[in-house]
2 protein chains.
Amino acid sequence: MDRKDHQIVRALMHDGRLSNQDLAAAVNLSPSPCLRRVRLLEERGVITGYAALVDQKAMGYPITVFVGIRLSKHDQATVQAFERAIGAIDDILDCFLMTGDIDYLLRVVAPDLDGYERFVRERLHAIDGIASIDTSLAYGVVKQSRVLPLPG
Amino acid sequence: MDRKDHQIVRALMHDGRLSNQDLAAAVNLSPSPCLRRVRLLEERGVITGYAALVDQKAMGYPITVFVGIRLSKHDQATVQAFERAIGAIDDILDCFLMTGDIDYLLRVVAPDLDGYERFVRERLHAIDGIASIDTSLAYGVVKQSRVLPLPG
DNA sequence: AGTATATTGGAATATTCTGCCAAGGACTGC
DNA sequence: GCAGTCCTTGGCAGAATATTCCAATATACT
């Protein structure tokens, strides 16, 4: 993880489809060592994958909702079952384990408010061990980045 | 946006570096129409870009914090100034405009708690018009997806 | 049915990837 | 200061891939 690796990672966070040649030029390397570094970063798990960034609205999911969840119990079985259930529901994009008054924070997408209501009734309420569900609707997105800041 | 377009988008959400040939095979098309569809999806703004997915920890940002923010005023000048300021701060990855008791929800990364404290003191407090800042620390990530669910 | 439009598949060309090898640079022990 | 070792680099070549063009097919509309 020297300076060049950081440059490479940053360049690929900005444009994940950068060709190896362009990437090499951007970080002042010739293609072959550049490619080798990228492969190493992938193997080490620094780069975990690549993804196309997609407009939610265009895909039919204009609604973003943040859902705070508290569990009724926190024994291992309940927690594991909950987390497995979360993993299986596609509408839940992110799930963070939180400190403070909620246990989990979910980011959920929905085609509309009715769709979200159905999601809560049919999906969330189907999971055992949930004590409370707190919904916060997002009006809009001010910023959505995937580029981590420069270290230091 | 027919069925094939959806298939293409989903495939690229899963693997943004899929070669056009493999993508074409995956959606039962020959490479050339497949590439044309991808280019159209990009032009129409359905696919907004590509990104490498990176391990926060490996990049030196193991801490994720959600920050709820209320503004003191909601006139256009204050809001615009705030949103511009947000856009300029790299540590803030996401910013959503919210309904309910907070105005904005930020997702912020930090190298450690000290770093987060510095971020709040030096960056957030430097922005005018903020009435309150509410911090929620994330312990860990249960799920982090970028693949939108199937429509319907 | 018939026309117009949009979409497809395949071939040819240009670009890119990727493995191999020799050369350069940095670090060690002496 | 010097030789040996290790790691990284750059360039080359064969293979794979992307990309453009054109004829042919499928689809939609009248």
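Numbers restart at 1 for each chain; the letters A, B, ... are given by sequence-line order, proteins then strands. These numbers come from the heavy atoms of this one structure, side chains and all, not from hydrogens, waters or symmetry mates.
Atom-to-atom, CZ of Arg39(B) to P of dC21(D) comes out at 14 Å; the value is rounded to the nearest Å. Atom C1' of nucleotide dA18(D) and atom CG of Leu18(A) are separated by 15 Å, given to the nearest angstrom. In this structure, the CG atom of Asn20(B) is 11 Å from the P atom of dT20(D), given to the nearest Å. Taking atom CZ of Arg37(B) as the reference point, atom P of dA18(D) lies 18 Å away to the nearest angstrom. Atom CG in Leu23(A) sits about 13 Å away from atom C1' in dC17(C), given to the nearest Å. dT8(D) atom P lies 14 Å from atom CE of Met1(A), rounded to whole Å. Rounded to whole angstrom, the span from the CZ atom of Arg3(B) across to the C1' atom of dT7(C) amounts to 18 Å. One interatomic measurement links the two molecules: CG of Leu35(A) to P of dT16(C), which rounds to 14 Å at whole-angstrom precision.
Within the 4.0 angstrom heavy-atom criterion, base atoms lie near Ser32(B). Arg36(B) comes within 4.0 angstrom of a nucleotide base, judged by non-hydrogen atoms across all strands.
Side-chain contact between Leu12(A) and Arg17(B): present, with at least one pair of heavy atoms (C-beta onward) separated by less than 4.5 Å. Contact of the Ile92(B) side chain with the Phe119(B) side chain is registered, since non-hydrogen atoms from C-beta on lie closer than 4.5 Å.
When the nucleotides dT9(D), dA18(D), dT18(C) are ranked by their closest atom to the side chain of Leu29(A), dT9(D) comes out on top. Checking dT16(C), dG11(D), dT8(C) against the side-chain heavy atoms of Gln21(A) singles out dT16(C) as nearest. Of the candidate nucleotides dT16(C), dG10(D), dG9(C), dT16(C) has the atom lying nearest to any side-chain atom of Ser19(A).
Side-chain contact check for Thr64(B) and Tyr139(B): no donor-acceptor pair (N or O, by modelled atom type) lies under 3.5 Å.
Classification of Arg121(A) and Glu117(A) as a salt-bridged pair holds, one side-chain N sitting under 4.0 Å from a carboxylate O.
Pairs engaging residues 76-102 of chain A under the ring pair (Phe, Tyr, Trp, His ring centres under 6.0 Å) rule: Phe82(A)-Tyr104(A), Phe96(A)-Phe66(B) [sequence neighbours left out].
Sequence order on DNA chain D of the closest nucleotides to Arg17(B) and Cys34(A) puts Cys34(A) first from the 5' end.
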